[in-house]
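Data block below; observations after.
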Number of protein chains: 2
Amino acid sequence: MARTKDPAVRTLLIERAAHMLRTREPVTLRSLVAGTGVSTMAVYTHFGGMDGMWKALRQEGFTRLESRFAAVATSQDPVRDLTALVSAYLGNALDHPDLYRVMFDASFDLEDLKAADATLEHLVQAVERGRGAGRFRSDTVPLELAVQSWAVAHGLVSLVANGPLPRQTLDHGVPMLTSLFVGAGDDPAGCRLSVGNGWRQPRPSGG
Amino acid sequence: MARTKDPAVRTLLIERAAHMLRTREPVTLRSLVAGTGVSTMAVYTHFGGMDGMWKALRQEGFTRLESRFAAVATSQDPVRDLTALVSAYLGNALDHPDLYRVMFDASFDLEDLKAADATLEHLVQAVERGRGAGRFRSDTVPLELAVQSWAVAHGLVSLVANGPLPRQTLDHGVPMLTSLFVGAGDDPAGCRLSVGNGWRQPRPSGG
DNA sequence: ACCAATAATATAGCAGTGCAATGCTATGTA
DNA sequence: TACATAGCATTGCACTGCTATATTATTGGT
């Protein structure tokens with residue numbers, strides 16, 4: 001019996017915010033709606049305020065990461081795939097450094113946790129396949145190795161994308177992942193091969 | 001020929017800002033100087049503005065980390081010491097999570113780089129001693145293994161202190177460092193012992 | 001087709017933010 | 001003692017996110 005929210009406005013604002021983030025424009029309540037034809041109140045009806053908008057943008061960030069993970073092909077080599085996922089993680093963060101910062105800046109709530117868990121699940125499954133294929137010891141806990149891989153990826157990329165270390169530092173990902181996977185039971189020589197293959201995955205260049 | 005800046009004002013403001021950060025009070029230009037007797041302009045004469053204040057606070061954060069590193073005793077076991085440094089790094093970040101966030105939030109400039117390098121130097125020297133003691137392969141590049149240890153520490157603690165992962169995730173530091181050091185040439189059994197010893201260093205509980 | 005209910009919208013104004021401009025004052029030098 | 005200089009307090013501005021109010025548009029019932 002009343003008018004309904006136009007979903008197009010919501011996506012418009014989110015995409016515009018993401019674009020402004022990429023182009024380094026300050027994202028404020030007024031600058032966000034300027035030129036879109038919608039008024040500042042749209043931010044409140046759709047997001048409840050700027051905080052809600054940032055939260056929605058954080059969700060959008062995880063969604064993009066999710067789709068990027070989904071684009072990583074599954075091969076016969078789980079260790080390669082796991083490395084490729086980490087590589088995709090780095091590529092995503094480098095392509096959208098400000099969005100990546102937003103994703104991990106604010107305090108997490110349950111909804112964010114769900115999004116984070118969903119993306120982490122990709123890593124978990126890759127570890128499970130690696131364990132099933134005998135690459136990792138049978139006592140390997142998939143979630144644990146997945147979290148460790150995530151920590152390596154996040155540590156490297158956040159020190160590079162929004163930190164003091166130069167970009168080439170990301171190359172350390174290769175020996176770090178290799179050490180991690182060998183520590184989990186993989187054969188050193190084969191692991192080096194797999195990590196090398198997964199690392200050089202086609203990484204879409206930043207736009 | 002003119003009045004001199006009172007250094008006490010500068011340290012007063014920085015310490016007050018750090019305290020407000022710890023007590024979760026919003027740190028604004030006016031709230032920072034409220035009740036101190038100094039006016040808002042003091043922030044401009046001493047720091048050039050709020051940005052300069054945050055930068056100074058970032059320096060303070062590195063200074064505290066530095067002193068914490070200096071408190072880590074040097075033993076006959078370089079691998080233990082390196083682990084103890086990482087453990088101290090985590091303890092510092094957990095004790096001052098908001099200060100830690102400030103340290104790595106803003107964009108780094110040369111001055112910040114110097115501070116970061118100075119603290120990183122502790123890790124580098126520990127790696128050098130480890131290589132000298134034959135724990136790491138002779139082709140180990142100290143700076144590289146130090147950076148990798150840093151990435152592990154930062155990745156873990158930033159995902160825990162200001163991220164989605166629970167605190168016990170920090171325990172992953174043990175297997176991660178062990179894998180890293182074994183990958184650098186250390187003997188697995190001895191490494192586990194050293195990491196175990198370094199990890200349980202007396203970690204001052206958060207104030 | 002008409003109408004009332006109701007939620008989304010537009011507008012104006014609020015307190016709070018960092019910052020710049022203006023005098024005033026304290027201090028070290030000549 | 002007189003002066004130049006720089007720290008200081010005050011005031012005001014442009015901007016921030018947000019809210020109160022009035023208007024508009026849409027929707028479901030008749």
Side-chain angles (χ1 to χ4, degrees), chain A residues 1-60 98-99 101-103 105-107 109 112, chain B residues 1-21 23-60 98-99 101-103 105-107 109 111-112:
Chain A
M1 246 180 125
R3 61 190 296 191
T4 58
K5 298 179 191 175
D6 186 358
V9 173
R10 182 189 167 93
T11 61
L12 166 71
L13 290 178
I14 289 185
E15 289 184 0
R16 176 168 166 80
H19 179 264
M20 294 177 73
L21 225 54
R22 178 162 48 245
T23 56
R24 297 293 200 280
E25 300 169 82
V27 180
T28 72
L29 174 66
R30 288 170 176 79
S31 71
L32 179 59
V33 302
T36 63
V38 305
S39 86
T40 59
M41 278 305 295
V43 174
Y44 290 87
T45 62
H46 288 275
F47 305 109
M50 282 304 283
D51 277 359
M53 193 282 296
W54 289 116
K55 180 177 169 182
L57 196 58
R58 205 155 59 235
Q59 291 288 326
E60 172 71 13
D98 297 282
L99 186 54
R101 178 189 296 205
V102 170
M103 288 169 63
D105 240 15
S107 53
D109 57 11
D112 294 317
Chain B
M1 237 176 127
R3 288 177 84 157
T4 59
K5 296 181 192 176
D6 186 356
V9 173
R10 181 189 169 92
T11 61
L12 166 70
L13 290 178
I14 288 186
E15 289 185 0
R16 176 167 166 80
H19 179 264
M20 293 177 73
L21 225 54
T23 56
R24 298 291 200 281
E25 299 170 83
V27 180
T28 73
L29 174 67
R30 288 169 176 79
S31 72
L32 179 59
V33 302
T36 62
V38 306
S39 85
T40 59
M41 280 308 294
V43 174
Y44 290 86
T45 60
H46 286 276
F47 306 108
M50 282 304 283
D51 276 0
M53 195 282 296
W54 289 116
K55 180 177 168 181
L57 196 58
R58 205 155 57 235
Q59 292 287 326
E60 172 72 12
D98 296 282
L99 186 55
R101 179 190 295 207
V102 170
M103 289 169 64
D105 239 15
S107 53
D109 57 12
E111 196 171 348
D112 294 314

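Numbers restart at 1 for each chain; the letters A, B, ... are given by sequence-line order, proteins then strands.
- At the heavy-atom level, A/Met41 lies under 4.0 Å from base atoms of the strands shown.
- We find the CE-CZ distance between A/Met53 and A/Arg58 to be 10.5 Å, quoted to the nearest 0.5 Å.
- Place A/Thr4 and B/Met50 on DNA chain C by their nearest nucleotides, and A/Thr4 ends up nearer the 5' end.
- Atoms CZ (A/Phe47) and P (D/dG17) sit 14 Å apart, rounded to a whole Å.
- Residue B/His46 has no polar side-chain atom (N or O) positioned under 4.0 Å from OP1 or OP2 of D/dG7.
- Atom CG in B/Asp51 sits roughly 16 Å away from atom P in C/dT17 (whole-Å rounding).
- Counting distance only, with no hydrogens placed and no angle test, the side-chain atoms of A/Arg30 and the base atoms of D/dG17 include a donor-acceptor pair under 3.5 Å.
- Between B/Leu32 atom CG and C/dC19 atom P there is a gap of 12 Å when expressed in whole angstrom units.
- Taking the charged nitrogens against the carboxylate oxygens, A/Lys55 and A/Asp112 have no contact shorter than 4.0 Å, which rules out a salt bridge.
- Contact annotation for A/Val43: no contact, since no heavy-atom pair falls under 4.0 Å across all strands.
- For A/Tyr44, the side-chain atoms get nearest to D/dG17 when compared with the rest of D/dT10, C/dA10, D/dG17.
- For B/Val9, taking side-chain heavy atoms from C-beta onward, the closest of the listed nucleotides C/dA8, D/dC8, C/dT11 is D/dC8.
- Residue-level contact check: B/Gly37 touches the backbone only, with heavy atoms under 4.0 Å from sugar-phosphate atoms and none from bases.
- For C/dT9, the OP1/OP2 oxygens have a side-chain nitrogen or oxygen of A/Thr45 closer than 4.0 Å.
- Side-chain atoms of B/Tyr44 and B/Leu29, non-hydrogen and from C-beta on, do get closer than 4.5 Å to each other.
- Protein atom CG of B/Leu29 is 15 Å distant from nucleotide atom C1' of D/dA14, rounded to whole Å.
- B/Thr28 comes within contact range of the sugar-phosphate backbone alone, with a heavy-atom separation under 4.0 Å but no base atom that close.
- What you find for B/Ala56 and B/Arg10 is that their closest heavy atoms are CB-NH2, 3.8 Å.
- A heavy-atom distance below 4.5 Å is found between the side chains of A/Leu21 and A/Leu57.
- For the pair A/Asp6 CG and D/dT24 C1', the interatomic distance rounds to 15 Å; values are reported in whole Å.
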